[in-house]
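Here's the structure we're looking at; comments come further down.
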Amino acid sequence: MTPAEALPDFAEAVLDIVDQIPAGMVLAYGDVAELLGHGGPRQVGSVMSRYGSSVTWWRVTRASGEAPQGLQDEALALWRMEGTALVGGALGGRRVDMARARWDGEAGLGRPQ
DNA sequence: AGCTTGACCGACC
DNA sequence: TGGTCGGCCAAGC
């Protein structure tokens with residue numbers, strides 16, 4: 001087959017989790033690493049920078065709720081589109097309200113308040 | 001074998 | 001509320 005398509009197991013696991021995050025909710029890099037039970041935030045970020053474009057990358061933010069540098073405008077538009085809770089209101093806010101939009105890791109819960 | 005880099009995190013001031 | 005510092009973990013040179 002095409003060895004060029006080979007994806008590291010760690011990267012595959014990261015993308016799999018990201019793909020499970022419900023719309024309107026987010027997960028921090030560190031959260032993803034913790035759910036995997038292996039690696040760290042930097043490794044997750046590294047994977048996202050390389051393969052993130054193939055998944056719902058905007059649902060992965062920094063622990064502070066901010067989007068990665070260079071993609072803040074894109075992420076903000078997507079957050080508003082999904083109705084993600086933002087600090088300071090949906091209009092003025094430029095970062096995610098982690099207290100409300102942080103995903104617990106349990107699919108089916110959804111419904112941020 | 002050692003240093004630098006990276007879509008990070010938490011503590012501290 | 002916001003800026004700085006040190007710590008972490010893996011990959012690349």
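Side chains are part of it too, since the values below use all heavy atoms of this structure and drop only hydrogens, waters and symmetry mates.
The residue A:Ala28 sits close only to the backbone: its heavy atoms come under 4.0 Å of sugar-phosphate atoms, none of a base. Among the atoms of the strands shown, base atoms are found under 4.0 Å from some heavy atom of A:Pro68.
One interatomic measurement links the two molecules: CG of A:Leu78 to P of B:dA7, which rounds to 19 Å at whole-angstrom precision. To the nearest angstrom, P of B:dG10 lies 10 Å from CE of A:Met98. Summarising the geometry, the separation between CG on A:Asp73 and P on B:dA7 is reported as 18 Å, rounded to the nearest angstrom. At whole-Å resolution of the value, CG in A:Leu27 and C1' in B:dC9 are 14 Å apart. Between A:Trp57 atom CH2 and B:dC8 atom P the separation is 13 Å, expressed in whole Å. Atom C1' of nucleotide B:dT5 and atom CZ of A:Arg50 are separated by 16 Å, given to the nearest angstrom.
Judged purely by distance below 3.5 Å, without hydrogens or angles, the side chains of A:Trp58 and A:Glu82 pair a donor atom with an acceptor atom.
No more than 12 heavy atoms of other residues, nucleotides or ligands lie within 6.0 Å of CD in A:Glu34, so this atom counts as exposed by the packing criterion. The number of heavy atoms from other shown groups lying within 6.0 Å of CZ (A:Arg80) is above 12.
Counting heavy atoms from C-beta on, the side chains of A:Ser46 and A:Phe10 never come closer than 4.5 Å. Between A:Glu12 and A:Tyr51, every side-chain heavy-atom pair lies at or beyond the 4.5 Å cut-off. Side-chain contact between A:Leu36 and A:Val14 is present, with heavy atoms from C-beta onward closer than 4.5 Å.
Of the possible donor and acceptor atoms, one in the side chain of A:Gln20 sits under 3.5 Å from a partner among the backbone N and O of A:Asp16. At least one donor-acceptor pair under 3.5 Å links the side chain of A:Asp31 to the backbone N or O of A:Ala28.
The side chain of A:Arg94 sits closest to C:dG2 out of B:dG10, B:dA7, C:dG2.
Separating the C1' atom of B:dG6 from that of C:dC8 is a span of 12 Å, rounded to the nearest Å.
Cluster membership check: A:Val87 does not share its hydrophobic cluster with A:Trp79, using side-chain heavy-atom separations under 4.5 Å among Ile, Leu, Val, Met, Phe, Trp and Tyr.
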task = Let me have DNA chain B in dot-bracket notation, would you? Count Watson-Crick plus G-U wobble pairs, both distances under 3.5 Å, and use [ ] for pairs crossing earlier ones and | for inter-strand partners.
result = .|||||.||||||
Enumerate the protein-to-nucleotides 7-13 of chain C contacts in which both atoms are nitrogen or oxygen and the separation is below 3.5 Å.
unit_1, atom_1, unit_2, atom_2, d
C:dC9, O2, A:Gln43, OE1, 3.2
C:dC9, O2, A:Gln43, NE2, 2.5
C:dA10, O4', A:Gln43, NE2, 2.3

